[in-house]
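Below: one structure, written as structure tokens.
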Amino acid sequence: MSPHDLQTRLAADIADAPDLGALESVRVAALGKSGSVTALLKSLGAMDADSRAVEGPRIHALREAVTAALAAKKAALEDADLAKRLATEHVDLSLPAPDPLRGSIHPVSQVMDELTEIFADLGFAVAEGPEVEDDWHNFTALNIPETHPARAMHDTFYLSGTQDHPMVLRTHTSPVQIRTMMAESPPLRVIAPGRVYRSDSDATHTPMFHQIEGLVIDRKIHMGHLKWTLETFLKAFFERDDIVLRLRPSYFPFTEPSAEVDVGWSMDRGRRVVGGSEGWMEVLGAGMVHPRVIANCGLDPDEWQGFAFGTGVDRLAMLKYGMDDLRAFFDGDLRWIRHYGFSFLDVPTLSGGVGA
Ligand code: PHE
């Protein structure tokens, strides 16, 4: 077949190809290894120079024309395909979008937020202090004697401060009492939530844990104010009205008198919960701020009195939300946080806690 006839026939085949598969067959039959155009190209080798000079350009022009026709038809078929899909496929814009991956709030952060909220409603501001604290704020100013066991290396993480300025990882949030009294003038009402450190580790103790301190300094403050404040806070936090408190005489160097505060518990579906009065459990340390501590901060203890209290934030979380191993709080296990974590939409309030 002459290149001219072949071109006419191939042009018709290309034009008639109904889909991409058929077009590919036409391409293979023309330009493939044993295709008709390929055979013509091969025949050039056997020709004498004169014939080749005539036939060469024709056959090459044929190949180019066929290649171009194939490409044009391919593009046309693809366009038609797309147009068909656009005409038949629909995107339903009313379908709900998939949920974005959301994090959850750690119970410790949640409980700190709840406590901050509850005490804010009672007129308390939030105070902060450094976690790397000096020995004076952590111990001396709080009237803790040299011989007190808390000062021992096996209880406290000491850092390499200088001889006259030893540094520790704060063992409690009480140094924030000192910092607040020294930085601000009374009357004062603050809470100080934060991390504290002790050289201790078992199922109920981790070397780092969280405390919240409360401090009130004013004129004519007495234990009655302390008890009312704690009762109001515990009722709001545990979302129950049947909270009973018992103040047991105790000893802290920085309070006088001092008390351990017990709260009544009862059994609820096999779990010990706060509220009721089947038994007592200790939840706080508290007392009237020692006059010597007030004087250490440059205030006149005859004019100013106050109360202070401290408790474990992690323990409050465990009691309220029913976790039983403190170490799991700090394992970083996502399954645990998914199980116990909170949605950021759970906003705590004084009237209803997070349950509302
Ligand atoms: N700082 C004490 C502790 O860590 C708790 C406490 C705070 C006691 C304030 C009395 C007053 O155990």
Side-chain angles (χ1 to χ4, degrees), residues 108 112 115 119 122 124 126-131 133-145 148-152 154-157 168-182 188-200 204-218 221-231 233-234 245-263 281-294 296-297 301 304-316 326:
V108 170
M112 282 195 179
L115 296 171
F119 279 103
L122 296 174
F124 285 66
V126 172
E128 284 180 317
E131 287 169 37
E133 186 55 281
D134 58 56
D135 169 277
W136 188 82
H137 285 92
N138 196 79
F139 295 127
T140 314
L142 285 163
N143 197 36
I144 299 177
H148 194 281
R151 290 213 172 202
H154 59 258
D155 281 334
T156 298
F157 292 111
V168 299
L169 291 181
R170 68 177 180 189
T171 59
H172 49 178
T173 42
S174 300
V176 185
Q177 289 187 35
I178 305 298
R179 291 188 174 273
T180 306
M181 283 190 267
M182 298 194 64
L188 299 170
R189 269 186 280 183
V190 294
I191 52 162
R195 280 187 275 272
V196 300
Y197 302 82
R198 287 183 201 173
S199 183
D200 222 350
T204 54
H205 298 88
T206 48
M208 184 283 302
F209 59 104
H210 300 83
Q211 282 192 337
I212 182 165
E213 192 84 7
L215 173 72
V216 169
I217 299 285
D218 206 335
I221 292 289
H222 54 72
M223 294 282 274
H225 296 122
L226 167 65
K227 193 174 180 200
W228 180 87
T229 305
L230 294 180
E231 217 169 75
F233 137 56
L234 291 169
L245 290 190
R246 179 173 80 172
L247 270 63
R248 258 182 308 113
S250 184
Y251 170 75
F252 297 103
F254 36 92
T255 45
E256 179 57 35
S258 302
E260 311 259 11
V261 182
D262 295 340
V263 65
M281 69 171 113
E282 187 202 317
V283 286
L284 289 125
M288 299 304 293
V289 180
H290 197 296
R292 214 176 287 157
V293 173
I294 293 183
N296 285 345
C297 297
W304 301 106
Q305 306 84 46
F307 64 78
F309 59 87
T311 184
V313 173
D314 321 284
R315 208 164 103 75
L316 288 179
L326 177 63

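Order of listing sets the numbers, starting from 1, for every ligand and every atom in it.
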Would you say [X]'s side chain and [Y]'s backbone share a donor-acceptor pair under 3.5 angstrom?
X	Y	result
Arg170	Arg195	yes
Thr311	Val283	yes
Glu213	Ser174	yes
Asp262	Arg246	no

Using distance alone, determine whether Thr171 and ligand 1 share an N or O pair under 3.5 Å.
no
Under 4.0 Å from a heavy atom of [X]: give me the atoms of ligand 1 that qualify, with their elements.
X	result
Ala286	8 (C), 10 (C), 11 (C)
Ser174	1 (N), 7 (C)
Arg198	3 (C), 4 (O), 12 (O)
Gln211	3 (C), 4 (O)

Would you mind checking if Glu282 and Arg315 are paired as a salt bridge, meaning a charged N to carboxylate O distance below 4.0 Å?
no
Nearest non-hydrogen contact with atom 9 (C) of ligand 1 belongs to which option: Arg170, His172, Glu213?
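Nearest option to atom 9 (C) of ligand 1, by heavy atoms: Glu213.
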Among all protein heavy atoms, pick the one closest to atom 2 (C) of ligand 1 and tell me residue, atom and distance.
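Closest protein heavy atom to atom 2 (C) of ligand 1: Phe254 CZ, 3.8 Å.
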Starting from atom 5 (C) of ligand 1, which protein heavy atom do you reach first, and at what distance in Å?
Gly310 CA, 4.1 Å
For the student: nearest non-hydrogen atoms of Gln305 and Ile294, plus distance
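Taking Gln305 first and Ile294 second, the nearest heavy atoms are CA-CD1, 4.1 Å.
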